[in-house]
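For clarity, every value in this text was computed on a predicted model and none was experimentally measured.
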Amino acid sequence: MAALIAPAGVPAHAPEAREAPSPWLMVLPLGVTLALLPPVFIGPLVFAVAGVTVLLTRPRWALYLLALTVPYQGLFDLRYEDVSVSVTEGVVLLLVVAWGTLLLSRRVRPLQMSPLLSSIAALLVSFALTVFVAPNLNLAAKEMLKWVELAAVFVAGTSLIETPRQRRTLLAWLLGSATSQAVVGLAQSFLRQGPEHFMIGGLIMRAYGTFEQPNPFGGYMGLTVPLALSLAAFGLPAGRARRAVVVVVALTGTALALTLSRGAWTAQVVALGVMLSLSSVRARQALAGGSVAAALSLVVLWPLLPAEVTERISSIVVSAVDLGAVKDAVVTPENWAVLERLSQWYAGWTMFLDNPILGVGIGNYNAAYEEYRLDQWPVALGHAHNHYLTIAAESGFLGFLAYVFFWVVVFRACAEAIRRAPGKLERAVVVGILSSFTAFATHNLFDVLFVHGMGVTLGLLLTLLHGAPYGLSERSPAHRAAVG
C-alpha cells in the first residue's frame with residue numbers, strides 16, 4: 001500500500017526508476033581535468049575558476065575589481081600574434097554576462113535611456129560607420145572595443161550600484177587603485193628605475209608606473225588628484241577618512257608632478273582652477289589671489305629653476321603653433337620633443353582634410369600615416385598627439401561632432417548633479433569628478449589618453465556621477481526619501 005502512495009506534489013504514476021543525477025557527476029569532468037594537468041597549472045586554474053565563479057555570481061564585485069585592473073592590466077595581458085586580451089577585457093566580459101543574466105531574470109532595474117547614454121550611443125554609431133572605410137579592420141575593432149567597454153561599464157554600473165554604501169565602495173576602490181599605482185611611480189622615480197631616456201638632466205627619473213609612458217600615467221593620476229582633493233578639502237569632516245584621503249592627495253599629486261608631463265601639468269592647473277572656483281566663494285577668492293602670487297613667484301624664481309624644468313614649462317606655450325613651420329624646421333635635441341608632436345599634428349590634420357566625412361577609419365591613424373607623414377618623421381605613434389585631432393582624422397567631421405557632443409553632455413550632467421547634490425559629501429564628489437573630467441579633456445589637447453583601459457575608468461566615474469545625487473551617505477535626504 002505504502003508503495004502506491006506518491007510523495008506530495010509528485011504524480012502517482014511517476015516512474016520510480018528516474019532519479020536525479022548525482023551532483024558529483026557534474027564536477028567529475030573538472031576533477032579528471034585537474035588530475036591530468038601538470039601540478040604547476042592546477043593552482044592558477046583553480047584560482048581562475050573560483051574568480052570567474054565569484055564575478056559571475058557577484059557582478060557588483062566585477063565593477064570594483066575593474067578599478068584595480070585598469071592600471072595593472074599590462075602586467076597580465078595575453079598575446080597571440082597581433083591580438084592581445086587584457087584582464088580588464090576579461091572582467092568586462094564577465095560583468096556583461098552576469099548583468100545580462102540578472103536583467104533577463106528581472107532581478108535588476110531595466111535599462112533606462114538618458115541624455116548621457118544617448119550621447120554614448122551616437123558616438124558608437126558614428127564610429128561604427130567609419131569601419132566601412134577602414135583599411136585595417138583589426139585596428140578598427142580594437143578601437144571600437146574601448147568605447148564599447150565604456151558603454152558596458154556605465155550601463156551595468158548604473159543598474160548595479162544602487163545604495164550609498166555601494167557608491168562609497170566604488171569610490172574607495174577608485175582612490176585606492178590610483179594610490180597603489182602612485183606608489184609604483186614614486187618608487188621608480190626615487191630609485192631611478194626606468195629607461196635611460198626618462199632620466200631628465202641626470203637628476204629626475206620620470207614616473208611612469210605600469211603605463212610604460214609618463215604621459216598616460218600622468219593622465220591616470222590626473223583623474224584622481226582633483227577628486228581626492230575635493231573630498232579632502234570640501235567633503236569630509238575631520239577624522240580618519242579625511243586623513244586617509246589627504247594621503248591619497250599627497251601620493252597621487254607627487255607622482256603626477258614627477259611625470260614631468262607638460263600636458264598633465266597644464267591639465268591639472270585647469271582642473272584645480274575649476275574645482276576651487278566651484279567649491280566656495282572663499283575658494284574663488286583664494287584662487288584669484290593664488291594665481292597672482294604664483295605668477296609673481298614664477299617670475300622671481302624663474303632664473304633659479306633647473307634648465308630642464310624651465311624648458312618643459314616654456315615648451316607648453318611654444319607647442320601651440322604654426323603647423324606649416326614643422327615641414328622645414330631643423331631637428332635638434334632641444335626641440336625634438338616639440339617637433340615630434342607638431343609632426344603628428346600635421347599628419348592628423350592632413351588626414352582630416354583629405355577625408356572630412358568619415359575619416360580614415362576609427363583606430364586607423366597608423367595605417368594611414370605613411371601617406372601623410374613628413375619625410376623626417378617616419379615613425380607612427382598610433383595617434384596625432386591630440387585626441388580631438390585624432391578623432392577627426394579617424395572618424396571625420398561626423399565622429400568629431402559626436403565626440404564633442406559626448407563631452408558637452410557629460411559636463412551638463414555634472415552641472416545637473418551639482419545642483420541636485422543632497423549634501424556636502426555628494427557635492428564634493430561631483431565637483432571632483434567634474435574637475436577630473438576637465439583634466440582629462442584638457443590633457444587630450446596634447447596627447448591621447450584613451451589607452452590602457454582608461455575608458456573603463458571613465459565608465460566607473462560616470463557611474464559614480466550618476467548615483468551621487470541619490471546619496472553617498474545613509475544620512476543624506478535623498479537616500480532617506482528613497483528608503484522611506
Side-chain angles (χ1 to χ4, degrees), residues 66 69-70 73-74 77-90 92-93 96 119-155 211-213 215-216 219-220 344-345 347-349 351-352 355-372 379-407 410 440-441 443-445 447-459 462:
L66 281 172
T69 65
V70 168
Q73 68 173 25
D77 60 341
L78 301 175
R79 295 182 181 273
Y80 178 74
E81 295 183 352
D82 294 333
V83 179
S84 64
V85 179
S86 70
V87 63
T88 300
E89 291 163 349
V92 170
L93 177 61
V96 170
S119 69
I120 295 174
L123 199 59
L124 288 174
V125 170
S126 65
F127 287 169
L129 290 175
T130 71
V131 171
F132 295 103
V133 299
N136 190 317
L137 294 181
N138 287 336
L139 293 176
K142 185 177 179 179
E143 190 67 22
M144 282 293 299
L145 181 60
K146 298 176 183 179
W147 291 97
V148 171
E149 287 175 347
L150 184 154
V153 169
F154 174 66
V155 170
F211 286 75
E212 300 180 352
Q213 294 290 334
N215 284 331
Y220 178 70
Q344 301 298 320
W345 287 5
W349 179 245
M351 283 183 203
F352 170 68
N355 307 273
I357 306 301
L358 292 178
V360 298
I362 192 69
N364 272 255
Y365 177 88
N366 269 12
Y369 181 75
E370 181 63 26
E371 183 180 349
Y372 296 97
V379 179
L381 302 180
H383 54 76
H385 254 306
N386 179 310
H387 200 204
Y388 304 92
L389 184 54
T390 303
I391 292 292
E394 293 183 347
S395 60
F397 193 62
L398 182 64
F400 176 76
L401 283 181
Y403 184 65
V404 172
F405 177 68
F406 164 73
W407 279 113
V410 167
F440 189 82
H443 196 166
N444 272 321
L445 290 169
D447 216 317
V448 172
L449 300 182
F450 214 80
V451 295
H452 211 281
M454 207 86 76
V456 169
T457 299
L458 291 180
L462 289 173

Can you find a heavy atom in the side chain of [X] that is under 4.5 Å from one in the side chain of [Y]?
| X | Y | result |
| --- | --- | --- |
| Val410 | Trp407 | yes |
| Glu394 | Phe127 | no |
| Tyr372 | Asn355 | yes |

Less than 4.0 Å between a side-chain N and a carboxylate O, is that true for Lys146 and Glu149?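 Looking at Glu149 and Lys146, the cut-off is not met.
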
Quick one: pull up [atom1] in [X] and [atom2] in [Y] and give me the separation to the nearest 0.5 Å.
| X | Y | atom1 | atom2 | result |
| --- | --- | --- | --- | --- |
| Leu458 | Phe440 | CG | CZ | 4.5 Å |
| Ile391 | Tyr365 | CD1 | OH | 13.0 Å |
| Asn366 | Asn136 | CG | CG | 9.5 Å |
| Thr88 | Met454 | OG1 | CE | 11.5 Å |
| Tyr369 | Met351 | OH | CE | 8.0 Å |
| Thr130 | Leu398 | OG1 | CG | 9.5 Å |

Determine the minimum heavy-atom distance between [X] and [Y], stating which atoms define it.
| X | Y | value |
| --- | --- | --- |
| Leu123 | Ala402 | CD1-C, 3.4 Å |
| Trp345 | Leu389 | O-CD2, 3.3 Å |
| Gly459 | Val153 | C-CG1, 3.8 Å |
| Val451 | Pro216 | CG2-CB, 4.0 Å |
| Leu137 | Ala134 | CD2-O, 4.1 Å |
| Ser119 | Phe405 | CB-CE2, 3.7 Å |

Hydrogens and angles aside, do His387 and Tyr403 bring a side-chain donor and acceptor to less than 3.5 Å of each other?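 The criterion, which ignores hydrogens and geometry beyond distance, is satisfied for Tyr403 and His387.
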
[X] side chain vs [Y] backbone, donor-acceptor pair below 3.5 Å:
| X | Y | answer |
| --- | --- | --- |
| Asn364 | Ile362 | yes |
| Asn444 | Leu449 | yes |
| Ser395 | Gly359 | no |

Hey, can you tell me if His385 and His383 have their rings parallel, tilted or perpendicular (30° and 60° cut-offs)?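 Perpendicular, since the angle between the ring planes exceeds 60°.
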
Ring geometry between Trp147 and Phe450 (parallel below 30°, tilted from 30 to 60°, perpendicular above 60°):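 Plane angle under 30°, so parallel.
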
Neighbour count above 12 (heavy atom, 6.0 Å) for Phe397 CZ: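 No, because the 6.0 Å sphere around CZ of Phe397 holds 12 heavy atoms or fewer from other groups.
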
